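None of these values were measured; they are calculated from a predicted model. We name chains A, B, ... by the order of the sequence lines, and we start the count at 1 in each one.
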Amino acid sequence: MEETKTLDRLRMGRRATIAALNAPEAQRQRMLDLGFVPGRPVSALQESPWGDPVAYGVCGAVIALRRADAQQILVR
Amino acid sequence: MAGSTRTAPVIALVGNPNVGKSTVFNALTSLHQHTGNWPGKTVATARGAYTYHERTYTLVDLPGTYSLRPGSAEEEVTRDYLLSGEADVTLVVADATGLERNLALVLQVLEAAWPVVVCVNLLDEAAKKQITVDLEALQERLGCPVVGAAARSGRGLDALRRALEEAADRPGTRPLPELDCAGDCEGCAHRRAAAVMERAAAIAAEVTEMDPRSAHRRDRVLDRLLTSRATGIPVMLGLLALVLWLTMAGANVPSRLLSGLLMGWQEPLRGICETLRAPWWLTGALVDGVYRTVAWVVSVMLPPMAIFFPLFTLLEDAGYLPRVAFNLDHFFQKAGAHGRQSLTMCMGLGCNACGVMGCRIIQSPRERLIAIVTNAFVPCNGRFPTLIALISMFFVAGEGLWGSFTSAAMLMGAVVLSVAMTLWASRFLSRTVLKGEPSSFSLELPPYRMPQVGQVLVRSILDRTLFVLGRAVAVAAPAGLLIWTAANVSVGGESVLLRLAGILEPLGRLMGLDGIILLAFLLGFPANEIVVPCILMGYLSTGTLTDYGSLAELQELLAGHGWTAATALSALLFTLFHFPCGTTCLTIWRETRSWKWTALAVALPTCIGAALCVGVHLVWGLLA
């Protein structure tokens with residue numbers, strides 16, 4: 001198995017697979033709804049002008065997350 | 001036929017945010033619910049009706065939702081409504097260009113409600129991206145009727161009406177859910193979410209044909225231009241400047257024509273009153289009070305609004321607003337505020353009351369309050385005409401192209417200042433009375449869509465411009481009457497208006513203004529549009545009756561009453577930062593149900609505005 005890291009460390013243009021969500025329950029629900037589901041692919045698409053938030057491609061949609069939130073998602 | 005006894009079927013409209021639900025709703029019901037290409041547009045339910053085969057169908061437009069699991073306000077509304085069983089048919093609208101996540105909601109709805117009809121919308125956008133959806137295969141996999149549509153151009157609506165009729169009459173058999181876990185425990189809930197998403201992805205992959213590389217290439221290129229480090233902010237400021245410049249340059253001539261036309265009717269109107277032998281006070285109240293104020297509001301507000309609203313709607317329809325939120329989030333995060341506040345702030349540029357209502361899209365109560373209290377820091381459309389008039393009269397020399405450029409630049413400066421103040425005030429609140437950490441924030445950046453220019457023009461002029469103008473006129477007419485009366489009823493040898501102005505004079509002077517100007521702001525509480533007419537009437541009541549058909553004459557009048565560039569600057573700052581208008585205050589109270597927060601929303605901008613004015617006045621005095 002590949003090494004896991006947090007989503008905010010995924011380089012722009014790279015793809016990875018979501019491994020786990022470490023967020024508190026309410027937030028985790030929200031992330032699942034948005035498509036951040038373990039096992040699904042995710043790609044880092046675009047940094048905002050100040051580098052935070054970052055837009056991710058997930059489940060055919062583009063979702064922007066703040067780095068603090070992306071840190072709670074583990075990818076591999 | 002058992003179903004035919006249902007004389008008026010109720011149809012619930014469900015879907016992810018931003019899939020064109022409101023467009024489907026409008027297309028079916030011929031109503032004009034405002035649509036916009038950003039998530040969270042519909043925060044409350046809207047109802048409409050249409051007739052098909054001599055039966056009336058009631059359509060309930062529910063807020064966009066990502067799932068049916070309880071989580072946020074929008075989701076609860078949708079979920080509770082579906083579970084209430086009022087709806088006879090549930091219509092799920094899905095975006096053909098991003099079926100995967102849309103289908104996850106479809107699968108959840110299929111578990112909660114029956115009969116269900118799925119409308120795969122935005123097929124026109126999908127075709128542009130060379131995405132094809134096999135609707136028959138999808139219908140087979142889901143076990144419920146599937147209709148393809150491009151609601152904006154009206155394609156597929158007939159088939160949709162037919163499918164809804166069919167579903168209301170003959171619901172058919174409900175497909176068995178394929179998921180075995182009941183999902184009561186936390187772990188189960190997550191496994192279930194994963195299973196639903198897994199299945200949605202599998203179905204989407206089966207029925208969709210697309211080249212993942214080329215399909216969204218255009219969007220990614222646009223995103224790089226509009227949100228990257230190098231170009232994001234410059235392009236954003238450029239677009240803002242362009243919109244403001246087009247508004248000012250374009251509104252100039254029609255404003256003058258309209259003003260000339262409406263003011264020209266004033267004397268004939270007076271003539272009519274005189275031939276009817278109306279007493280002087282009635283003629284005065286109607287012509288100098290009501291008519292003149294209304295004429296001013298119409299000629300000054302209509303042209304800029306008729307340009308600004310369509311331009312704003314074009315950007316909104318194209319999907320630019322979420323990119324603005326994306327660009328600005330860094331600052332809102334630093335201010336301890338929610339990322340979506342930049343969306344509600346943009347709405348505030350149109351109308352602060354709408355902006356305050358829009359704060360419902362922010363779930364965390366703390367951040368929602370910050371957004372509500374600071375919304376009036378950005379100037380709404382009612383205040384733009386005042387800003388434009390002040391800038392063109394006192395700060396821009398020369399007319400023509402160069403003049404309009406400098407005016408637009410100054411107006412942009414005012415808008416940028418108001419955004420900076422919004423951030424500062426948000427930061428202040430989140431450090432003091434609304435302490436806390438920013439909550440988790442996610443923002444969908446929807447696919448760009450080519451706005452339908454013709455429709456945007458018609459809709460924004462008819463629905464927004466005339467609506468806002470109508471409201472302004474409705475307020476301006478009685479206000480004009482009131483001001484005229486105050487200016488002409490004397491107590492102890494001085495008119496009521498001047499008496500009140502006299503009381504405010506010392507405070508006004510301290511702020512670099514005068515009593516009349518402050519009084520005009522107070523009288524403008526019902527609607528900011530009438531501040532300038534109030535100032536004029538205050539000055540005119542002192543006896544020097546001037547015709548203020550053009551800005552140049554207006555400037556002469558103001559200069560005659562001691563206005564300098566410093567006065568104009570203070571007036572401009574106080575226009576930007578003072579108490580929200582009556583409608584906005586009422587909305588704030590309705591949204592917060594708290595006098596405390598409403599009072600804060602009044603006091604904070606007023607204190608900041610007054611402090612800025614005093615500061616400017618003092619500094620100017622030292623320099624001069």
Side-chain angles (χ1 to χ4, degrees), chain A residues 6-8 10-76, chain B residues 16 65-67 69-72 75 95 97-102 104-105 186 189-190 192-198 200-201 204 208 212 216 219-220 223-224 227-233 236 322-323 325-331 333-334 339 363 437-447:
Chain A
T6 52
L7 180 60
D8 64 302
L10 187 64
R11 299 234 314 267
M12 288 309 114
R14 293 294 174 84
R15 280 168 74 85
T17 303
I18 297 167
L21 307 180
N22 285 337
E25 183 51 26
Q27 220 169 306
R28 184 147 52 168
Q29 291 279 357
R30 187 97 202 136
M31 286 174 174
L32 289 170
D33 292 343
L34 289 168
F36 293 94
V37 176
R40 306 296 314 156
V42 61
S43 49
L45 294 178
Q46 171 84 49
E47 276 181 327
S48 64
W50 279 275
D52 186 10
V54 173
Y56 297 99
V58 66
C59 284
V62 181
I63 308 283
L65 293 181
R66 286 176 175 172
R67 281 193 186 274
D69 295 315
Q71 253 166 27
Q72 297 172 323
I73 298 174
L74 286 179
V75 297
R76 62 168 175 263
Chain B
N16 276 179
T65 168
Y66 289 112
S67 88
R69 269 171 300 143
S72 72
E75 265 121 66
D95 178 354
T97 65
L99 261 190
E100 194 172 326
R101 209 197 40 215
N102 283 267
L105 180 68
E186 198 175 286
H190 292 168
R192 240 163 89 82
V196 167
M197 208 56 95
E198 206 75 54
T208 320
H216 300 291
D219 283 3
R220 295 294 77 75
D223 268 347
R224 259 198 291 284
T227 67
S228 75
R229 195 174 292 243
T231 55
I233 299 294
M236 189 172 72
R323 272 76 189 183
F326 186 60
N327 283 341
L328 292 179
D329 181 59
H330 175 78
F331 297 113
Q333 197 177 344
K334 284 264 183 296
Q363 285 116 33
E437 288 299 306
S439 71
S440 138
F441 156 71
S442 56
L443 174 79
E444 177 160 9
L445 301 179

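Here the closest heavy-atom approach between residue A/R66 and residue B/G339 is recorded as NH2-N, 3.1 Å. Between A/P49 and B/S228, the shortest heavy-atom contact is CG-O, 3.8 Å.
Atom CD1 in A/I63 sits 8.0 Å away from atom CG in B/L443 (nearest 0.5 Å).
With a 4.5 Å cut-off on non-hydrogen atoms, A/V58 does not touch chain B at all.
A side-chain contact (heavy atoms from CB on, under 4.5 Å) with B/S442 is found for exactly one of A/L34, A/D33, A/D69, namely A/L34.
Of the listed residues B/R229, B/H216, B/Q333, the one with more heavy-atom pairs under 4.5 angstrom with chain A than any other is B/Q333. Top candidate by heavy-atom pairs under 4.5 Å with chain B, chosen from A/A70, A/G60, A/A64, is A/A64.
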Show the atom names and distances, to 0.1 Å, of all donor-acceptor pairs under 3.5 Å that link a side chain in residues 35-48 of chain A to residues at least two apart or in another chain.
{"unit_1": "A/R40", "atom_1": "NH1", "unit_2": "B/E198", "atom_2": "OE2", "d": "3.3"}
{"unit_1": "A/R40", "atom_1": "NH2", "unit_2": "B/E100", "atom_2": "OE2", "d": "3.1"}
{"unit_1": "A/E47", "atom_1": "OE2", "unit_2": "A/R67", "atom_2": "NH2", "d": "3.0"}
{"unit_1": "A/S48", "atom_1": "OG", "unit_2": "A/D52", "atom_2": "N", "d": "3.4"}
{"unit_1": "A/S48", "atom_1": "OG", "unit_2": "A/D52", "atom_2": "O", "d": "3.1"}
{"unit_1": "A/S48", "atom_1": "OG", "unit_2": "A/P53", "atom_2": "O", "d": "2.9"}

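Between B/H330 and A/W50, the angle of the ring planes stays under 30°, which puts this pair in the parallel group of the 30/60° scheme.
For the pair B/M197/A/L32, no side-chain contact is recorded, criterion being any heavy-atom separation below 4.5 Å from C-beta on.
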